[in-house]
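Here's the structure, in structure tokens; my notes come after.
Only this structure's heavy atoms are used, side chains among them; waters, hydrogens and symmetry mates stay out. In what follows, chains are A, B, ... by sequence order, proteins preceding strands, each numbered from 1.
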Amino acid sequence: MRDEPMPRPDPQALLDWYDRHARALPWRVGPAARLRGERPDPYRVWLSEIMLQQTTVAAVRDYFHAFTTRWPTVQALAAAQDADVMATWAGLGYYARARNLLKCARVVTDVHDGTFPDDHATLLTLPGVGPYAAAAIAAIAFDDPQTVVDGNVERVMARLFDEHTPLPAAKPILTDHAARLTPRERPGCYAQGVMDLGATICTPKRPACGLCPWRKSCAAWAEGTAAELPKKAPKKRKPTRLGIAYLARRIDGAWLLERRPDKGLLGGMLGWPGSDWGEEAPQDNPPIRAEWKTLNAEARHTFTHFHLRLTVKTALVPLDRRPLRGEFIELPDFSPADLPTVMRKAFDLAQGQ
DNA sequence: GAGTCGTGGAA
DNA sequence: TTTCCAAGACT
């Protein structure tokens with residue numbers, strides 16, 4: 001054990017580190033502009049925070065650009081067609097975020113007069129905005145000293161205070177630590193600084209403690225336990241599910257597609273008509289009468305909680321044939337880029353054969 | 001509290 | 001190939 005108490009981590013040291021190492025990101029205001037008093041656009045802060053949930057900066061970049069180019073304001077987004085928003089989100093995952101994004105834009109436009117609320121409690125009422133996002137938006141866009149706790153902050157706090165209680169039980173403890181450290185000055189920069197620290201220095205594996213501005217006040221560093229924190233509850237193994245996807249192309253080039261129901265997996269997204277996905281062999285129930293051919297290879301895809309092996313069947317159908325399910329969409333109204341990744345994999349297989 | 005909900009990159 | 005994981009929210 002240590003014989004001396006650990007010095008309290010200094011928020012100012014973290015802010016100094018952030019000023020020197022902050023990454024330039026499209027939703028951030030640079031240091032020069034900030035010194036001129038410029039504030040980040042709440043719409044862009046909100047959009048980035050939703051996109052960044054469980055998603056890397058690298059994956060978000062192009063999507064953020066696509067959204068802000070096509071819909072520069074929350075009013076513009078609120079006026080968008082649902083299908084266009086879902087298609088533009090396609091490939092980013094967690095599609096409930098896109099559905100809630102549109103709901104939220106319409107609430108802000110219709111209920112809040114097109115202006116984002118600036119307080120945590122009201123932000124929390126917005127669709128898709130939870131405790132993390134509400135705190136992050138309040139801190140970053142409005143300089144409100146809210147406690148921002150994401151996966152990075154949990155990891156940094158677990159290490160600073162050498163907390164061995166496994167997540168998620170440790171969450172209240174770590175949140176309490178984070179709250180005590182949050183400064184009243186520049187809370188937005190501080191929040192982004194801790195998250196940047198977690199993303200670049202205090203990483204899940206092989207943390208670069210030698211570069212950390214908080215090393216001297218880190219209990220896990222003193223104990224040599226940083227790399228094994230935070231502890232997490234053991235994960236369940238993923239079962240494998242089986243399914244069939246039916247890719248019917250009409251002779252004029254139109255594809256037979258189906259809008260998935262809003263609730264559940266890939267909710268609100270376009271996809272191929274298909275069987276249910278279960279652990280038993282799927283029932284062959286084509287969406288249109290045709291001579292179906294089964295591809296040799298299957299589309300494999302892993303979701304959050306199961307593996308999928310998707311048998312792909314293809315057919316060419318005449319112009320006047322009516323489908324039992326779904327509807328034909330002609331090019332260019334349909335692009336494979338509008339599909340969630342698992343559906344695009346099936347399309348790629350069909351194209352390749 | 002536990003399960004659901006995507007994807008791609010890294011090791 | 002498999003596992004882990006990334007600025008969580010919702011039920």
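In this structure, P168(A) reaches neither bases nor backbone, as no heavy-atom distance under 4.0 Å exists between it and the strands shown. Using a 4.0 Å heavy-atom cutoff across all strands shown, L25(A) reaches at least one base atom of the nucleic acid. Within the 4.0 angstrom heavy-atom criterion, no nucleotide atom of any strand lies near R260(A). As judged by a 4.0 angstrom heavy-atom cut-off over every strand, R61(A) is placed among residues making no nucleic acid contact. Nucleic acid contact class of R155(A) (heavy atoms, under 4.0 Å, all strands): sugar-phosphate only. Backbone-only contact: A133(A) has heavy atoms under 4.0 Å from sugar-phosphate atoms and none from a base.
To the nearest whole angstrom, the two P atoms, one in dA9(C) and one in dG8(B), are 23 Å apart.
Applying the side-chain hydrogen bond (donor to acceptor under 3.5 Å, both in side chains) rule to pairs touching residues 202-221 of chain A yields nothing, sequence neighbours excluded.
Projected onto DNA chain C by closest heavy-atom contact, P131(A) and H307(A) fall at different nucleotides, the more 5' of which corresponds to H307(A). In terms of position on DNA chain C, the residue among K238(A) and L124(A) whose nearest nucleotide sits closer to the 5' end is K238(A).
Residue L126(A) contributes atom CG, which lies 15 Å from atom C1' of dC10(C) at whole-angstrom precision. Atom NZ in K235(A) sits about 14 Å away from atom C1' in dA2(B), given to the nearest Å. Taking atom NZ on K171(A) and atom P on dG8(C), their separation rounds to 9 Å, with Å as the unit. Rounded to whole Å, atom P of dC4(C) lies 15 Å from atom CG of L167(A).
Under 4.0 Å is where a charged nitrogen must lie from a carboxylate oxygen, and between R180(A) and D176(A) at least one such pair does. Remark: E298(A) engages R309(A) in a salt bridge, criterion side-chain N to carboxylate O under 4.0 Å. At a threshold of 4.0 Å, the pair D276(A)-R241(A) does not count as salt-bridged, since none of the basic side-chain nitrogens sits closer than that to a carboxylate oxygen. We find that D143(A) and R186(A) are not joined by a salt bridge, their nearest charged nitrogen and carboxylate oxygen being 4.0 Å or further apart. Note on K231(A) versus E163(A): no salt bridge recorded, every NZ/NE/NH1/NH2 to OD/OE distance being 4.0 Å or above.
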What one-letter contact string describes nucleotides 4-11 of chain B from 5' to 3', where B marks a base within less than 4.0 Å of any protein heavy atom, S marks contact via sugar-phosphate atoms alone, and - marks no contact?
SBBBS---
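Other residues, nucleotides and ligands contribute over 12 non-hydrogen atoms within 6.0 Å of the CG atom of D19(A).
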